[in-house]
K.L.:
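Input: one structure, supplied below.
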Amino acid sequence: MQNNFNFIDERDHKLKPLLDKIRIEESHQYCLSSGLDTESIWPMVLQGKEFDTFVAANNHVIAHCQQLFSRISRDFSDGFDLFALSDANARLINLHSCPEILNTATHQVGLSCGVLLSEASCGTNAVALALRYREPMIVSSSQHYGRLFQAWGAVAVPILGPDYKPLACIAILNSSDTALSEKLLLAKFIAKELEKFYVRPSAPSLACEDAPAVMKPTSAPKSVPRAVGLTSRQHQVLQLFAQGMSYKQIAREIGISSFKTVEEHLDAVREKLQVAHRRECIQKAMSLGWI
């Protein structure tokens with residue numbers, strides 16, 4: 001089955017929240033029946049040679065992910081987001097945020113590379129459920145089981161292969177529950193970017209230690225559709241901007257001498273989308289299916 005990210009919440013907005021609530025309640029029952037103490041949960045983490053092997057096997061993913069998270073947090077984050085990538089087994093590969101939030105996540109919550117985010121390790125959480133059901137999940141702070149994540153709202157999106165099996169999972173945690181729907185949209189965008197890395201035709205085995213450290217941004221399609229009120233050039237600039245390119249990189253890609261022209265194109269897109277900031281163009285365009 002080809003993965004086109006046609007998730008249930010995009011097909012039926014009324015069914016998805018109810019289904020998620022049922023799944024979260026079932027997860028709570030599992031945690032209770034397993035005897036997990038809500039106050040004493042502390043995540044399981046790899047140590048010694050197992051940890052070293054895990055890091056070595058994921059070095060290329062960590063490098064690529066760190067670069068992507070840095071761009072995303074710079075351009076789209078509210079400054080309070082904690083970005084997390086786990087493997088298909090819910091084992092945490094990479095964390096990214098500002099130093100204060102990383103310090104809290106590491107020392108108060110116990111999150112770090114190698115931590116297992118399964119229900120048996122951390123209780124009910126968005127990553128474990130997203131990987132189990134192979135669909136995006138929203139879990140508010142009050143819906144988490146145990147003290148670990150009770151100060152965090154979270155969204156998670158699985159990265160699925162062509163056979164629909166999970167390859168990894170991207171999550172965004174935030175101390176506020178008020179903008180989780182927007183965080184989910186951002187997580188879906190990141191998941192699509194990481195999908196290119198995981199399932200690209202020439203992708204090496206994830207355990208291969210000589211894999212390339214950094215992937216170059218994907219070029220814009222040579223044939224840009226004349227969609228929905230945008231000129232071909234505006235759409236091309238928007239596509240490249242959505243891939244995380246800087247204004248100067250976009251200018252070089254499309255063959256113009258000044259990045260100011262790129263800013264003008266993005267401002268034109270912003271006006272047509274009726275958003276306040278350029279970075280909001282991507283979220284609005286994704287919600288409209290333009291990119």
K.L.:
Donor-acceptor check, side chain of N125 to backbone of A128, threshold 3.5 angstrom: yes or no?
P.N.:
yes
K.L.:
Would you name the heavy atoms of C169 and A130 that are closest together and state the gap between them?
P.N.:
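Of all heavy-atom pairs spanning C169 and A130, the closest is SG-CB, 4.0 Å.
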K.L.:
Do the side chains of E263 and K260 get close enough for a salt bridge, i.e. N-O under 4.0 angstrom?
P.N.:
yes
K.L.:
Ignoring hydrogens, what is the shortest heavy-atom contact between L184 and P136? Give both atom names and the distance.
P.N.:
CD1-CB, 3.7 Å
K.L.:
Before you tell me yes or no, could you show the steps for V262 and I256 under side-chain contact (heavy atoms from CB on, under 4.5 Å), namely the whole-Å CA-CA distance, both residues' side-chain angles and the distance that decides it to 0.1 Å?
P.N.:
CA-CA 9 Å; V262 174; I256 59 177; 3.8 Å; yes
K.L.:
Do C65 and I93 have side-chain heavy atoms sitting under 4.5 Å apart?
P.N.:
no
K.L.:
State, with a plain yes or no, whether a side-chain heavy atom of Q236 is found less than 4.5 Å away from one of R233.
P.N.:
yes
K.L.:
For R91, does its backbone N or O pair with a side-chain atom of N89 as donor and acceptor, under 3.5 Å?
P.N.:
no
K.L.:
Go through the steps for F69 and I190 under the test side-chain contact (heavy atoms from CB on, under 4.5 Å), then give the verdict.
P.N.:
CA-CA 8 Å; F69 281 169; I190 298 173; 3.9 Å; yes
K.L.:
Can you see which heavy atom on A191 is nearest to which on V157, and at what distance?
P.N.:
CB-CG1, 3.7 Å
K.L.:
Counting C-beta onward and ignoring hydrogens, is there a side-chain heavy-atom pair between I41 and C31 closer than 4.5 Å?
P.N.:
no
K.L.:
We want to know whether R252 and Q249 form a side-chain donor-acceptor pair, criterion being a heavy-atom distance below 3.5 angstrom.
P.N.:
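Side-chain D/A pair, R252 to Q249: absent.
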K.L.:
What I'd like to find out is whether the side chain of L92 reaches to under 4.5 Å of the side chain of V127, using heavy atoms alone.
P.N.:
no
K.L.:
Taking R134 for its side chain and L160 for its backbone only, find out whether a donor-acceptor pair lies under 3.5 Å.
P.N.:
no
K.L.:
Under 4.0 Å between a Lys/Arg side-chain N and an Asp/Glu carboxylate O for D52 and K49?
P.N.:
no
K.L.:
I need the minimum non-hydrogen distance between A90 and S118, along with the two atoms involved.
P.N.:
CB-N, 4.0 Å
K.L.:
Whether the side chain of T106 engages the backbone of N103 through a donor-acceptor N/O pair (distance < 3.5 Å, no angle test) should be reported.
P.N.:
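A pair under 3.5 Å: no.
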K.L.:
Counting distance only, does the side-chain N/O of S176 pair as donor-acceptor with the main-chain N or O of T178 below 3.5 Å?
P.N.:
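Side chain of S176 to backbone of T178, a donor-acceptor pair under 3.5 Å: yes, one is there.
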K.L.:
Parallel, tilted or perpendicular for H96 and F83, by the 30°/60° rule?
P.N.:
tilted
K.L.:
Might you work through the side-chain contact (heavy atoms from CB on, under 4.5 Å) test for W152 and T104, ending with a clear yes or no?
P.N.:
CA-CA 11 Å; W152 306 76; T104 298; 4.2 Å; yes
K.L.:
So which of L186, I172, L173, N174 actually passes side chain to side chain contact (heavy atoms under 4.5 Å, CB included) with V155?
P.N.:
I172
K.L.:
Is there a continuous path of hydrophobic side-chain contacts, each under 4.5 Å between heavy atoms, that joins Y133 to L19?
P.N.:
no
K.L.:
Is any side-chain heavy atom of L230 less than 4.5 Å from a side-chain heavy atom of L238?
P.N.:
yes
K.L.:
Using a 3.5 Å distance criterion without hydrogens, assess whether the side chain of S140 forms a donor-acceptor pair with backbone atoms of G153.
P.N.:
no
K.L.:
Can you check whether F189 reaches L185 side chain to side chain, under 4.5 Å on heavy atoms?
P.N.:
no
K.L.:
Quick one: do F241 and I254 end up in the same hydrophobic cluster if we chain Ile, Leu, Val, Met, Phe, Trp and Tyr together by side-chain heavy atoms under 4.5 Å apart?
P.N.:
yes
K.L.:
Could R71 and E193 be called an ion pair, given the rule that one side-chain N must be under 4.0 Å from one carboxylate O?
P.N.:
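Judged by the 4.0 Å cut-off on N to carboxylate O distance, R71 and E193 do not form a salt bridge.
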K.L.:
State plainly whether one hydrophobic cluster holds both L82 and L117, where clusters connect Ile, Leu, Val, Met, Phe, Trp and Tyr through side-chain heavy atoms under 4.5 angstrom apart.
P.N.:
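Per the 4.5 Å side-chain linkage, L82 and L117 are co-clustered.
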K.L.:
Are Q143 and M137 close enough that some pair of their side-chain heavy atoms sits under 4.5 Å apart?
P.N.:
no
K.L.:
Evaluate the side-chain contact (heavy atoms from CB on, under 4.5 Å) criterion for residues H64 and L194: first the C-alpha distance (whole Å), next the side-chain angles of each, then the deciding distance (0.1 Å), finally the verdict.
P.N.:
CA-CA 9 Å; H64 176 71; L194 285 172; 3.8 Å; yes
K.L.:
Relative to the ring of Y247, is the ring of F259 parallel (under 30°), tilted (30 to 60°) or perpendicular (over 60°)?
P.N.:
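Answer is parallel, since the angle falls under 30°.
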K.L.:
Please answer: with hydrophobic residues joined when any side-chain heavy atoms are less than 4.5 Å apart, are L46 and L116 in the same cluster?
P.N.:
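Per the 4.5 Å side-chain linkage, L46 and L116 are not co-clustered.
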K.L.:
Is it true that, when you exclude E182 itself, more than 12 heavy atoms of the residues, nucleotides or ligands shown sit nearer than 6.0 Å to its CD?
P.N.:
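Result for CD/E182: open.
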K.L.:
Would the distance check show the side chain of D177 and the main-chain N or O of S141 forming a donor-acceptor pair, the cut-off being under 3.5 Å?
P.N.:
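At least one qualifying donor-acceptor pair exists.
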K.L.:
Looking at H144 and F149, would you say the former's side chain and the latter's main chain have a donor-acceptor pair under 3.5 Å?
P.N.:
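Yes, H144 side chain to F149 backbone: donor-acceptor pair under 3.5 Å.
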K.L.:
According to a hydrophobic-cluster definition based on side-chain heavy atoms being under 4.5 Å apart (Ile, Leu, Val, Met, Phe, Trp, Tyr only), do L111 and L129 belong together?
P.N.:
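Unlinked, L111 and L129 end up in two clusters.
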K.L.:
CD of E50: more than 12 outside heavy atoms within 6.0 angstrom?
P.N.:
no
